[in-house]
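Here is the structure we will look at, set down as C-alpha cells.
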Amino acid sequence: MKNLAIFICISLSITCYANKPKDNIDSTVPNKILMQKQDSVLRHVVIFKFKPDATKEQITNVEKAFSALPSKIPQIMSYEWGLNNSPEGLSKGFTHCFFVTFKNEKDRATYLPHPDHKAFGTLLNPILEDVFVLDYWSN
C-alpha cells in the first residue's frame with residue numbers, strides 16, 4: 001500500500017510538471033499550439049477572381065494600385081504578386097495572387113484599415129467577383 005501511495009504521488013508530480021504552462025503559450029486556451037517562431041514573419045496571401053466583364057485595363061489598374069501600397073504603407077515588409085499558371089485546373093477562376101509580408105500582427109492591424117488600403121478596395125470592389133485571404137506565420 002505504501003508503494004502504491006508513492007507511485008501515485010510520483011505520477012501526479014510528473015503529470016503536473018508535464019502540463020505546466022510554458023511562458024510563451026496562452027494557458028487559457030486548452031491544447032493551443034504556438035505557431036509563431038522568434039524569427040518568423042506574418043504572410044498575408046490575397047487571391048482574386050475578377051468578374052467576367054472586368055476589362056484588361058481595369059485589372060491592370062488593380063495590379064498597379066496593389067503594387068503601389070508598399071510605398072504608401074510602411075508596415076509592409078515585402079510584397080510580390082503573380083498570375084496563376086497552374087496546369088492542374090483547380091484555380092476555380094482565381095487568377096491573381098498577392099503576397100504581403102508583415103513583421104507582426106500589429107503591422108497587419110495597421111495595414112488593414114489604412115486609408116490607402118481602403119482606397120485600393122474602392123478601386124477593386126466593382127470588378128471583384130471573389131477573394132480568398134489566408135494569413136500564416138512563416139516557418
Side-chain angles (χ1 to χ4, degrees):
M1 190 66 157
K2 182 178 177 185
N3 287 340
L4 180 60
I6 292 172
F7 174 75
I8 291 172
C9 287
I10 292 172
S11 296
L12 286 173
S13 296
I14 291 170
T15 302
C16 290
Y17 180 78
N19 291 325
K20 178 183 171 209
K22 308 298 185 263
D23 291 339
N24 62 347
I25 296 178
D26 182 354
S27 62
T28 63
V29 180
N31 301 321
K32 180 176 179 184
I33 299 172
L34 183 66
M35 298 302 291
Q36 181 184 2
K37 290 183 181 178
Q38 189 71 11
D39 59 348
S40 64
V41 291
L42 185 58
R43 307 285 191 191
H44 178 68
V45 182
V46 182
I47 305 173
F48 293 148
K49 178 180 185 179
F50 292 101
K51 291 179 180 177
D53 61 345
T55 68
K56 173 96 171 118
E57 181 182 4
Q58 288 173 309
I59 293 172
T60 299
N61 288 339
V62 166
E63 294 166 352
K64 288 178 182 179
F66 207 149
S67 296
L69 290 179
S71 67
K72 298 176 179 182
I73 305 173
Q75 288 78 14
I76 296 175
M77 201 172 140
S78 67
Y79 163 86
E80 67 182 81
W81 76 276
L83 297 174
N84 176 49
N85 74 349
S86 173
E88 295 178 291
L90 301 174
S91 67
K92 298 181 181 181
F94 288 87
T95 57
H96 288 64
C97 181
F98 298 86
F99 198 80
V100 185
T101 303
F102 301 99
K103 285 187 281 186
N104 51 48
E105 290 176 357
K106 181 181 175 193
D107 286 354
R108 179 186 57 193
T110 300
Y111 162 80
L112 292 173
H114 193 281
D116 289 308
H117 183 238
K118 293 292 187 187
F120 167 72
T122 301
L123 173 73
L124 170 67
N125 285 336
I127 63 169
L128 184 66
E129 183 171 315
D130 201 0
V131 62
F132 179 80
V133 178
L134 184 92
D135 293 2
Y136 68 93
W137 286 101
S138 66
N139 288 321

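We use all heavy atoms of the structure for the numbers below, so side chains are in, but hydrogens, waters and symmetry mates are not.
Residues Trp137 and Phe102 share a single hydrophobic cluster, defined by chaining ILVMFWY side chains whose heavy atoms lie under 4.5 Å apart. Both Val133 and Val100 are part of a single hydrophobic cluster, where members link through side-chain heavy atoms under 4.5 Å apart. Taking hydrophobic clusters as Ile, Leu, Val, Met, Phe, Trp and Tyr residues chained together by side-chain heavy-atom distances below 4.5 Å, Val45 shares a cluster with Phe94.
Counting only heavy atoms from C-beta outward, the side chains of Leu124 and Phe66 never approach each other to under 4.5 Å. Residues Cys97 and Asn84 have side chains not in contact (no heavy-atom distance under 4.5 Å, counting atoms from C-beta outward).
Here the shortest heavy-atom pairing between Leu123 and Asn61 reads CD2-O, 3.7 Å. In this structure, Ser138 and Ser40 approach most closely via the heavy-atom pair O-CB, 2.9 Å.
A distance of 12.0 Å separates OH in Tyr136 from NE2 in His44, rounded to the nearest 0.5 Å. Here the straight-line distance linking atom CG of Leu83 with atom NE2 of His96 works out to 4.5 Å at 0.5 Å rounding.
Residue Asn125 is tested with Ile127, Leu128, Thr122 for a side chain to side chain contact (heavy atoms under 4.5 Å, CB included); the sole match is Leu128.
A perpendicular orientation is assigned to the rings of Phe48 and Phe50, their planes being inclined by more than 60° (bins at 30° and 60°).
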Taking only distance into account, with no hydrogens and no angle test, what donor-acceptor pairs under 3.5 Å do side-chain atoms of residues 72-81 form with protein atoms, sequence neighbours excluded?
{"from": "Ser78", "atom 1": "OG", "to": "Thr101", "atom 2": "OG1", "distance (Å)": "3.1"}
{"from": "Tyr79", "atom 1": "OH", "to": "Ser67", "atom 2": "N", "distance (Å)": "3.3"}
{"from": "Tyr79", "atom 1": "OH", "to": "Ser67", "atom 2": "OG", "distance (Å)": "2.9"}
{"from": "Trp81", "atom 1": "NE1", "to": "Ser67", "atom 2": "OG", "distance (Å)": "3.4"}

Show me the donor-acceptor pairs within less than 3.5 Å that the side chains of residues 107-120 make with the rest of the protein, sequence neighbours left out.
{"from": "Arg108", "atom 1": "NH1", "to": "Asp135", "atom 2": "OD2", "distance (Å)": "2.7"}
{"from": "Thr110", "atom 1": "OG1", "to": "Lys106", "atom 2": "O", "distance (Å)": "3.1"}
{"from": "Tyr111", "atom 1": "OH", "to": "His117", "atom 2": "NE2", "distance (Å)": "3.3"}
{"from": "His114", "atom 1": "ND1", "to": "Asp116", "atom 2": "N", "distance (Å)": "3.0"}
{"from": "His117", "atom 1": "ND1", "to": "Leu112", "atom 2": "O", "distance (Å)": "2.8"}

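Counting only residues at least two apart or on different chains, the salt bridge (charged side-chain N to carboxylate O under 4.0 Å, His left out) pairs with a member in residues 49-66 are Lys49-Glu129.
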